[in-house]
Number of protein chains: 2
Amino acid sequence: MKYAIVFGGMSYEHEISIVSAIALKDVLKSDLLFIFCDADREFYLIPVAKMKSKLFSSGEYRKETKLTLKNGGFYQKALLKEKQLDFDVAINLVHGGDGEDGKFAALFTFFGIPFIGPRVEASVLSFNKLYTKWYAREYGIDVLDYEVLHKGEYSVKTPCPFIIKPLRLGSSIGVSIVKEESELEYALDVAYEFDDAVLIEPFVEGVKEYNLAGCKAETFLFSIVEEPHKEEFLDFDKKYLDFSRTKQVLAADISEELKKRLHEAFKKIYNTHFEGALIRCDFFVIDDKIYLNEINPIPGSYANYLFEDFTSVVNQLAAHLPKERRIPVDYTYIHSIQKAKGK
Amino acid sequence: MKYAIVFGGMSYEHEISIVSAIALKDVLKSDLLFIFCDADREFYLIPVAKMKSKLFSSGEYRKETKLTLKNGGFYQKALLKEKQLDFDVAINLVHGGDGEDGKFAALFTFFGIPFIGPRVEASVLSFNKLYTKWYAREYGIDVLDYEVLHKGEYSVKTPCPFIIKPLRLGSSIGVSIVKEESELEYALDVAYEFDDAVLIEPFVEGVKEYNLAGCKAETFLFSIVEEPHKEEFLDFDKKYLDFSRTKQVLAADISEELKKRLHEAFKKIYNTHFEGALIRCDFFVIDDKIYLNEINPIPGSYANYLFEDFTSVVNQLAAHLPKERRIPVDYTYIHSIQKAKGK
């Protein structure tokens, strides 16, 4: 299986995506192409040997082969005719905007490129934290209470301490914990820098957090359950490091029964909306009850470090991508009108 | 203002979109370009004088100038360099799939083309009737009770009579009213032809229906309130005709108070998610209570027949399109890592 890893994008997580792609280069044991989408949304084919962060930060990538995305795939200029890039499946590795908000899903679907990643609906559901709440509740998964504020609003009903998150952003960017009222205004202003709307949720001290990644191929393929380290919670630099992780971590020390319940919760969230994607669900457990915190439809470096055999999981997923429903257009209606008109 | 009307698409409503575009040609008094997206998702520039349904049903459109959609706009081949098509604002007139499911919104946004039509999130919210329910309830607008069934499921809790709709389709395609249990299986099979999931709602005999179109420019611009004719309800051919309507209709005979309440309900639904779009909201009124039935984010021929001065409304909307948030990418993080490593 030959993969084209698409990364970059106009996103607050543009740099994270580069780090993530470099990590994937080492852990995905397959034939790989790297396609960089720069902040101006131009595409470049990056030779594997040049996949180092400096190529991008220096702007040197602009010397590489430029690509055009259109019907059927990515194309590069050639002497007589454009040449189509040869790969089997694209991997959407654009974190945050462009990648996780549905734009890349739409591009790949529209232009007929098979891809690993969330489809348009699934992207929108997981990118907007308010929609994630609606979605989880519909499918019987608990979520924390919440309120949504819009730019210019500063009056919060949730009692302190609470957490403020931009409505449509990942990787802890713009997130604050407000412990007393005096911190509120500044925290809101920070979040409003990144989005016109913010989500507010009670902050539960010492809450148990469990992350579980997985996907559906012939059956569900699950990662180990990880208990993330608490100090990472709000530290953007540490989160960044998260995206470059390539070493497998230890499974959380939890009962088989809880593990099974986390698997069941994951299945309810995944199925069938997230088909085609390898996602990570971040759960809270409070008083033995499971709550969905967030869905990461494109986790950092695809959460490779949570899987025993990451390459095999990706290969199985790539062989079970959802097919777009082909719609026949046969002009029945127009023909019948023309017939009625005697044309 | 010069508009590029984009129509067609791989959609069950492909033909409707053609009819809709032909209607718009006559009522939108402005400089117009017509860009056809065929069922294979190739783009063609159609001369205004050739905008007749037969050009498409005969396949003759393939002789017209082919266009490429990419960064900045639509391009046509020229001798030395590609030539960019010159227009100010695109109008998304692709009904149903591709147009209303978020794909075209994503394409226009990604490639930096200003456009009239719903953005990605708004498309997904209105295209999936289940999401519309969540959305309306969140913003305090009543909706009818519902249940969702998935392909292979035939057991319905809602008592007869009820209405079955494919979850993600407009224009009454695949819709049935089930009056007694014996009709259920066939009606579900019809709906499953078009989607893997269906929405079931109680069918309220003789319900009052009111349609209201509008958009937000400097302020909200509303159409008249229309009371659609009941016999059109399930008749696909008549619905088709709806898309070619160009003659202004009479306003419904309702109280000023009800009109005001419909306006308020519209505003709650529109603001701010649907900015950039001219939408039509279809409401029910039952026991003096307003219910949202559906949001049409790209109504047939843009519901021109409901406006007194349609061209002026479109021009005002075009001058108040939402701007995409530009995200600065400055490689701060990668620079800081490189510095730490002494590179």
Side-chain angles (χ1 to χ4, degrees), chain A residues 10-12 14-16 18-19 38-42 53-54 56-58 68-71 97-98 101-107 109-112 120-121 123-125 127-128 130-131 134-135 138 148 150 168 195-196 236-237 240 272 324-329 331-335 337-338 343, chain B residues 10-12 14-16 18-19 38-42 53-54 56-58 68-71 97-98 101-107 109-112 120-121 123-125 127-128 130-131 134-135 137-138 148 150 195-196 236-237 240 272 324-329 331-335 337-338 343:
Chain A
M10 191 178 81
S11 160
Y12 288 112
H14 177 94
E15 293 182 67
I16 291 182
I18 292 171
V19 173
D38 78 357
D40 297 323
R41 290 166 173 160
E42 298 288 351
S53 62
K54 205 168 178 178
F56 307 99
S57 59
S58 65
T68 304
L69 169 61
K70 52 184 193 176
N71 226 337
D98 282 358
D101 62 4
K103 290 207 278 294
F104 263 102
L107 294 170
T109 306
F110 189 84
F111 291 129
V120 178
E121 277 192 350
S123 303
V124 166
L125 286 181
F127 194 61
N128 186 312
L130 172 61
Y131 302 174
W134 301 339
Y135 175 67
E138 179 81 26
V148 173
H150 297 88
R168 301 174 191 86
D195 200 333
D196 296 337
F236 185 57
D237 278 5
Y240 250 121
T272 58
E324 201 193 4
R325 182 188 281 262
R326 299 301 302 181
I327 295 173
V329 171
Y331 295 102
T332 316
Y333 172 70
I334 289 178
H335 285 308
I337 295 271
Q338 281 160 355
K343 283 186 190 171
Chain B
M10 191 178 82
S11 161
Y12 288 113
H14 177 94
E15 294 182 67
I16 291 182
I18 292 171
V19 173
D38 78 358
D40 296 324
R41 291 168 174 158
E42 298 289 350
S53 62
K54 205 168 177 179
F56 306 100
S57 59
S58 65
T68 304
L69 169 60
K70 50 186 195 175
N71 225 337
D98 281 359
D101 61 5
K103 289 206 280 293
F104 263 101
L107 293 169
T109 307
F110 189 84
F111 292 129
V120 179
E121 275 192 350
S123 303
V124 167
L125 285 180
F127 194 61
N128 186 312
L130 172 61
Y131 302 173
W134 301 339
Y135 175 67
R137 282 186 175 163
E138 178 82 24
V148 173
H150 297 88
D195 200 333
D196 297 336
F236 185 57
D237 278 5
Y240 251 121
T272 58
E324 201 193 5
R325 182 187 280 262
R326 300 301 303 181
I327 295 172
V329 171
Y331 296 103
T332 315
Y333 172 70
I334 288 178
H335 284 309
I337 295 272
Q338 283 160 355
K343 284 184 188 169

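Chain naming here is simple, since letters A, B, ... match the order of the sequence lines and numbering starts at 1 in each. Every value quoted in this text rests on a predicted model; they were computed, and no experiment measured them.
Heavy-atom distances place both the backbone and the side chain of A:T109 under 4.5 Å from chain B. The contact between B:R326 and chain A is made by backbone and side chain atoms together, counting heavy-atom distances below 4.5 Å. With a threshold of 4.5 angstrom between heavy atoms, A:R168 approaches chain B through side-chain atoms but not through N, CA, C or O. Within the 4.5 angstrom heavy-atom criterion, only side-chain atoms of A:E324, from C-beta onward, approach chain B.
Ranked by non-hydrogen atom pairs under 4.5 Å with chain A, the options B:L125, B:T68, B:N128 are led by B:L125. Of the listed residues (A:D40, A:L107, A:L69, A:V120), the one with the most heavy-atom contacts under 4.5 Å to chain B is A:L107. Of the listed residues (A:S58, A:G97, A:G102, A:A106), the greatest number of heavy-atom pairs within a distance under 4.5 Å of chain B belongs to A:A106. Across A:Y131, A:Y135, A:F127, the residue that shares the most heavy-atom pairs under 4.5 angstrom with chain B is A:Y131. Interface remark: of the candidates A:H150, A:E138, A:H335, A:E138 forms the most heavy-atom pairs closer than 4.5 Å to chain B.
From B:F104, atom CZ reaches atom OG of B:S123 across 11.5 Å, with rounding to the nearest 0.5 Å. The distance from the OG atom of A:S11 to the CG atom of A:D101 is 8.0 Å, given to the nearest 0.5 Å.
Taking the side chain as every heavy atom from C-beta outward, A:H14 and B:Y331 approach each other to under 4.5 Å. A 4.5 Å side-chain heavy-atom check between B:R41 and B:D98 finds at least one atom pair inside the cut-off. With contacts defined as side-chain heavy-atom distances shorter than 4.5 Å, the pair B:M10/B:K103 does not qualify.
Between B:F111 and B:N71, the closest heavy-atom pair is CD2-N, 3.2 Å.
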Inset, instruction - Step by step, work out the side chain to side chain contact (heavy atoms under 4.5 Å, CB included) result for B:D196 and A:R325. - result: CA-CA 10 Å; B:D196 297 336; A:R325 182 188 281 262; 3.1 Å; yes
